[in-house]
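Take a look at the structure set out below.
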Number of protein chains: 2
Amino acid sequence: MSSSTPHTQRDLQKARTRRALLDAGLALLEEQSLSSIGLREITRAVGISPAAFYRHFRDVADLGVTLVEESLGSLHTVIRAGLTERSDDGERIDHLVGAIARFVREHPEHIRFVVRERHGGVAAVRTAIGAQLDRFAQEVAEVLARDEVSRGWSPEDLRMLGETYVDHMVMTASAFLEAAQGEGPPEHVVAGTARRQLRLISLGRRHWTSDRALPAS
Amino acid sequence: MSSSTPHTQRDLQKARTRRALLDAGLALLEEQSLSSIGLREITRAVGISPAAFYRHFRDVADLGVTLVEESLGSLHTVIRAGLTERSDDGERIDHLVGAIARFVREHPEHIRFVVRERHGGVAAVRTAIGAQLDRFAQEVAEVLARDEVSRGWSPEDLRMLGETYVDHMVMTASAFLEAAQGEGPPEHVVAGTARRQLRLISLGRRHWTSDRALPAS
DNA sequence: GGTTTCAGTAAACAGTTGTGCGCCGAACGC
DNA sequence: GCGTTCGGCGCACAACTGTTTACTGAAACC
C-alpha cells in the first residue's frame, strides 16, 4: 500500500519474474503440497537460476503467504457481491452456488491451493489462511446481521452463522474442484448437495432462538 | 482379514517394527505433511536402516494409506455409538460434541493426519480418506433415517444430511485440535460454536420439506 | 557521460534423498 | 539337527536439495 510500483522498466521486469515465480508455484501445487516443493523446482520452471529466487522471496513459505492473499482476495469480492444481492432465499442460494461454481471453473488453482494448505504442513501459510477466513467469516456475519431474520440474534450466534457459511463455501468449492477433475461426484450433484445444505441452514436460521433451550417441538 | 497374524516370534517382531514405523510416521506428521516426509526420516526415527523399510511398505504413500484405515477406524466406532444414543436433541448434541472433544484429546495425531491429508498432496491417501468418509456419511445417513423427524425424506436429502454431519464433525475435530495447541479459539468456544451449529442443523432438519419449494415464510 | 544500483548468473558447498545389491544370522518348519 | 526363510544391515550409487559467494551487464540516476 505504501510503495506503489514505480513504472521504471526495471521494476516492471522484476514484477514480471515475480509473477512468474508465483504462477509456477501455484502450478506446481496442483500435484504436491507446498512443504514438498523445492525452491529449485520453482526456479527451474520459471527458467532462472536458484539464487535469483532470493531477490523476490525469503522462503518458499514466504511465497506461499503471498499466494494466500492473492487467492483469497479474489474470492472475497465474488462472495461479498453474491451475498449482498437482495432476493428471496431460493434465488439467493442458487446465485451463491452458481457464483462458487463459476469461480472454481475460472480459478481452480487458487482454491486448490487454499484448500490444500489450510491444514497443510507450513505453519505460516496455515495461519495466514486462517486469519483471512476469520476476517471473512466476520464480514459475512455482518452482512447477514442486516437481514430481517437476524433480528434478536446474539453476536456469538451471528459469528457462528458466518463461520458456518464460510466453511460451507470452502467445502463446496473443494467439492466442485474434485468434480472438475473427475475425482468425485459430478458437478450437478455437488451443486444439488450444496443447495440443499444452504436450504437446511436457511431453515434453521429462520426458526432460531438465541436462548439456549430448544422449543418443545 | 484373510491372514491373521501367526503368533510365531518372528512375525510378532515384524509386527512390532511395523507399528514403530507407523507411529513414527504419524509423529512426524505433526509438523509436516506426508508428501514431504522422507523414507529415511522415518527409519531414522525408528532406528532401523532405510532398506528395512521396504520389508513393510512399498512406499511412504503406502504407509499413509495404512494410516488412513487406522485413524478413521477408531473414529468410526466412537461416532456411531454417539449417534445411536437415544435422547432429546439437546442432550444428543452435547454428547456428540463431548465425544469429539474427548477423541481429539486422546488421539490428536490421528485426526491431525486425516485433516491434513484429506486434501493433501498424495493422491492415494487423498482418495483413501475420501472413500472412508463417504462410507461414513452413508452410514450416518442410515442412522438418521431412523429418526421420527426423517419421515418422508428423499434418499438424496438423507445423503446430504449425512455428509453435512460428517463434514461438520471433521471441521469440529480440527478446530478442537487447533485449540489444544493454542492456534485458535479456546476449547470451550469451539465447543460452543459446534453445539450452535448442530442446533442450527437440527432446527433446519425439523422444518425440512423434501420438495423443492421453500414454504412461504 | 560517468557512477551507482541491482536482477540475474555460475560455481561451489555440505547435506540430503530413494533405491538396489549382497550378506548376515537368528528364528523357523520339519 | 539341518536346510530354509527372511527381517535387518552396510554400502554404494546418482541425483537432488538450500544457501553463499563473487561476478556481470544493463538500466537508472544526476
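Here is the naming used below: chain letters follow the sequence lines, and residue numbers restart at 1 for every chain.
With respect to the salt-bridge test (charged N to carboxylate O, under 4.0 angstrom), the residues R16(B) and D11(B) do not qualify. With salt bridges taken as basic N to acidic carboxylate O contacts below 4.0 Å, one links E30(A) and R112(A).
Atom CZ in R58(B) sits about 17 Å away from atom P in dG18(C), given to the nearest Å. The nearest whole Å value for the distance from the CZ atom in F57(A) to the P atom in dA7(C) is 13 Å. Distance L12(B) CG to dA26(C) P: 19 Å, rounded to the nearest Å.
Judged by distance alone, the side chains of D157(B) and S154(B) do bring a donor and an acceptor atom under 3.5 Å apart.
Residues I129(B) and V114(B) come closest through the heavy atom pair CD1-O, 3.7 Å.
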Assign a letter to each nucleotide of nucleotides 5-18 of chain D from its 5' end: B, base within under 4.0 Å of a protein heavy atom; S, sugar-phosphate only; -, no contact. BSBBBB-B----SB

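Using cut-offs of 30° and 60° on the angle between ring planes, the pair F103(A) and H107(A) is tilted.
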